[in-house]
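To keep things clear, I will list the structure first and then write my remarks on it.
Each chain gets a letter, A, B and so on, in the order its sequence line appears, and its residues count up from 1.
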Protein chains: 2
Amino acid sequence: MSPNDLNEPGPSKQSLTAEAWAAAALDVMAVGGLEAVAVEPLARKLNVTKGSFYWHFPNREALVKAALALWEQRETVDVVSGLDQEPDPYQRIVNLFKRANSSHKAGRLYLALAAATDDVRVNEVVQRVSARRLAYLEKCYRALGMGAEEAPLWATFAYATFIGNQQVHRDTPHTFPAGPKFREYFKLMLRTLIPQ
Amino acid sequence: MSPNDLNEPGPSKQSLTAEAWAAAALDVMAVGGLEAVAVEPLARKLNVTKGSFYWHFPNREALVKAALALWEQRETVDVVSGLDQEPDPYQRIVNLFKRANSSHKAGRLYLALAAATDDVRVNEVVQRVSARRLAYLEKCYRALGMGAEEAPLWATFAYATFIGNQQVHRDTPHTFPAGPKFREYFKLMLRTLIPQ
DNA sequence: AATTGCCCATACGCTGGCGTATTGATACAT
DNA sequence: ATGTATCAATACGCCAGCGTATGGGCAATT
């Protein structure tokens, strides 16, 4: 969303907002997981001290909550606004896949959050977001003329595949198809996962 | 592997071994991730003090290394020994899928490790294990008569799908197909991912 | 009986992150 | 100019986990 002008150089005498803290929390979460959302390290990264933090938030808990809320809102808005105006259901699924395989950062963030589902609050949010995505996919498949029996299965199948792609791409970047190979791979997935 | 007789009741006056510590480390890792591999909490769980731990290991680092080695060995042995004696390549892939969707614990463990790939040592091991699995899958597809161009793509596709299944199943257990639905889902994946 | 080696308990200091309390600085309003 | 609200710095105590040092129990050996 906001191209973060924080980090090293940061004069940026603009006062920090709570949302800026939440966004920064998501940033580090994408790299270091939930545990990386720590007050003092974050403050250092933002070139302030925790004195600032505890003005905006009562405690670390609140920051995590805010970050999760921000993430959920981003994801939900993304899905609903961007994609739903495409009339063709086939193209809608294609767009979903494109999006999933493009924004690296969002992918890493999802995986980081999904890895922290031992935390109850995280689990709730991840479940909601995943359920929404699944429901959306199912709707697409039904719009393609698929029955109420098959559609959920195909939706789960497709969703699992593109979550798995993010995972595999992150874990073994070397073996993951790249360049022209990727375009082939992409087409293969599409024609396999969208029966018509 | 070993049905852990540790935990609460534990009289078990058998002295602990380094491998027992490593196994316990993997256990907690499957639930709480890499950060959960902490010396003192683990010692409590094993009904000893860290005095024991620091006899077997020089430090936490060594424990993590040992746990990773144990995991890699388990995974590799699993893949090579159990599956490779099946002659039919089709059935081999089926067995792989069955295995992936059966042992919950192993799945959670993989996801936990994959989530900690910011740690260099973890990343190396995960990469090796994933690469081995992918290579194995590719060999299966080639044995099915697939060309050197297509086989890696299908292997990646299949691997991503069953990694994604573990992920989705963990993150949204409610929406994941269960019981008879799952058998349908399973068959759908098989006939889609194994062209013949 | 004494010794040696294996395995673990206890006690200690160190570090990093959490949360609080207090003070400081800048902007804006009056 | 002076006061007030907003945002941040500093200093403090607390806790949990890491690593060390040292000693204790309990075999097996001699």
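Between the P atom of C/dT26 and the CH2 atom of A/Trp55 lies a distance of 18 Å, rounded to the nearest Å. Rounded to an integer number of Å, the gap from A/Glu19 CD to D/dC7 P is 14 Å. Rounded to an integer number of Å, the gap from CZ of B/Phe57 to P of C/dC7 is 12 Å. Put simply, CD on A/Glu35 is 15 Å from C1' on C/dG16, counting in whole angstrom units.
Dashed line: the shortest gap from a side-chain N or O of A/His56 to OP1 or OP2 of D/dT6 is not under 4.0 Å.
The side-chain hydrogen bond (donor to acceptor under 3.5 Å, both in side chains) check on A/His169 picks up A/His104, with sequence neighbours excluded. Partners of B/Tyr159 under the ring pair (Phe, Tyr, Trp, His ring centres under 6.0 Å) rule, at least two apart in sequence or in another chain, are B/Phe162.
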Under 4.0 Å protein heavy-atom contact, by nucleotide of nucleotides 15-20 of chain D - B base, S sugar-phosphate only: --BBBB
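Using a cut-off of 4.0 Å between Lys/Arg side-chain N and Asp/Glu carboxylate O, A/Arg128 and A/Glu75 are scored as not salt-bridged. Comment: B/Arg92 does not engage B/Glu86 in a salt bridge, judged by the lack of any side-chain N to carboxylate O separation of less than 4.0 angstrom.
Using a 4.5 Å heavy-atom threshold, the side chains of A/Trp154 and A/Leu137 count as separate.
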Side chain to side chain donor-acceptor pair (under 3.5 Å) evaluation trace for B/Tyr110 with A/Asp171: CA-CA 11 Å; B/Tyr110 177 89; A/Asp171 296 342; 3.2 Å; yes
